[in-house]
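Down below is the structure, laid out as structure tokens.
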Amino acid sequence: MGLIIYLKFDHKTILCYNCCVRYMYQGAGMMKMKKLFVLFGFVLAVILMTLVSDGDQLLYGNNEELIVEVINSIDSYSSKTNRILGIYDFDDDRVVAFLNGDTPAMIRFKGDDSGNYNLISSWMESYVDINNFLLDVGENDDKYLMLTVKNGDSDINGFSFTSNGIEYSVIFESESPYVQLTELENNADNSFRFAWPDLN
């Protein structure tokens, strides 16, 4: 039910309903009229503050429960069950690996001065059992990681890939959904050239 405020000015009577205030003024005197308008302004301010505080609130990735709320609030992910596989913190960067239904996915947050983690980005690729995400993390975004996320449908036990000519191994220690972080050697121009096996 919407808010209704009713003011009636005939016969020197002012009535204010539906905001828990009933004030009747009859007779002369500007002071009483001024007090009434101050009271009405105060009540209106309280009502507006209440309406604003009950509106949409920002969601933060401060813990697993809130992270799931953030993920569910994104249209691309809201139609399927979202399962957190791992939460990883690097200085003020937070990286979360999860499954959207059976699809490997990733979401990132950045910590602010208030201690809240704000959504930065998210990513998934549909119809794959294994997904790899290149991350730049750390205080100066100068640390590079490969986040590998596997669902429970893949029968691959592991694989190797190369980055800038260096070979790295990813080993899945379980047939269940699994996550591995691989730290990559950086080069001078922060560029990466990958060679991947066929994983899907």
Non-hydrogen atoms of Thr103 and Glu125 that approach each other most closely: CG2-O, 3.2 Å
Gap between atom CG of Leu184 and atom CE of Met146 - 0.5 Å precision: 5.5 Å
Between CG on residue Asn72 and NZ on residue Lys80, distance to nearest 0.5 Å: 13.5 Å
Evaluation steps, side chain to side chain contact (heavy atoms under 4.5 Å, CB included), between Val170 and Ile130: CA-CA 11 Å; Val170 177; Ile130 298 174; over 6 Å; no
Phe109 vs Tyr60, ring pair (Phe, Tyr, Trp, His ring centres under 6.0 Å): CA-CA, chis, key distance, verdict: CA-CA 8 Å; Phe109 298 89; Tyr60 300 107; 9.4 Å; no
Side-chain (Ser154) to main-chain (Ile156) donor-acceptor, under 3.5 angstrom: yes
Salt bridge present between Asp136 and Lys143 (N-O < 4.0 angstrom): no
Glu167 and Ser169: side chain donor to acceptor below 3.5 Å: no
Hydrophobic cluster identity match, Val70 and Leu66, side-chain contacts under 4.5 Å: no
Check: Tyr117 main-chain N/O paired with Asn62 side-chain donor or acceptor under 3.5 Å: yes
Spacing of Ile107 atom CD1 and Ile87 atom CD1 [to the nearest 0.5 Å]: 11.0 Å
Heavy-atom pair of closest approach, residues Ser176 and Ser174: N-OG, 2.9 Å
Test item: side-chain donor near acceptor, Asn132 and Thr148, under 3.5 Å: yes
Close side-chain approach of Leu134 and Phe194, heavy atoms under 4.5 Å: yes
Arg83 side chain vs Asn100 backbone, donor-acceptor pair below 3.5 Å: no
Heavy-atom side-chain proximity of Ser122 to Ile74 below 4.5 angstrom: yes
Nearest-0.5 Å distance that lies between atom OG in Ser163 and atom CZ in Arg193: 10.0 Å
Donor-acceptor under 3.5 Å (Glu185 side chain, Ile166 main chain): no
Check: Ser114 main-chain N/O paired with Asp112 side-chain donor or acceptor under 3.5 Å: yes
Residue pairs, two or more places apart or on separate chains, that pass salt bridge (Lys or Arg N to Asp or Glu O under 4.0 Å) and touch residues 62-75: none
Salt bridge present between Lys150 and Asp155 (N-O < 4.0 angstrom): no
CG (Asn157) with more than 12 external heavy atoms under 6.0 Å: no
Step-by-step side chain to side chain contact (heavy atoms under 4.5 Å, CB included) determination, Tyr168 to Thr162: CA-CA 6 Å; Tyr168 299 89; Thr162 61; over 6 Å; no
CA sep, side-chain torsions, deciding dist, call: Ile84, Ile67, side chain to side chain contact (heavy atoms under 4.5 Å, CB included): CA-CA 9 Å; Ile84 303 295; Ile67 290 170; 3.8 Å; yes
Interatomic distance, Ser126 atom OG to Asn131 atom CG [nearest 0.5 angstrom]: 9.0 Å
Connected-component partners of Leu99 among ILVMFWY, side-chain separation under 4.5 Å: Leu85, Tyr88, Phe90, Val95, Met106, Trp123, Phe133, Leu135, Val137, Leu145, Leu147, Val149, Val179, Leu181
Worked verdict on Glu183 versus Tyr144 for side chain to side chain contact (heavy atoms under 4.5 Å, CB included): CA-CA 6 Å; Glu183 186 170 352; Tyr144 291 87; over 6 Å; no
Exercise: do Asn151 and Asp102 side chains pair donor with acceptor under 3.5 Å: no
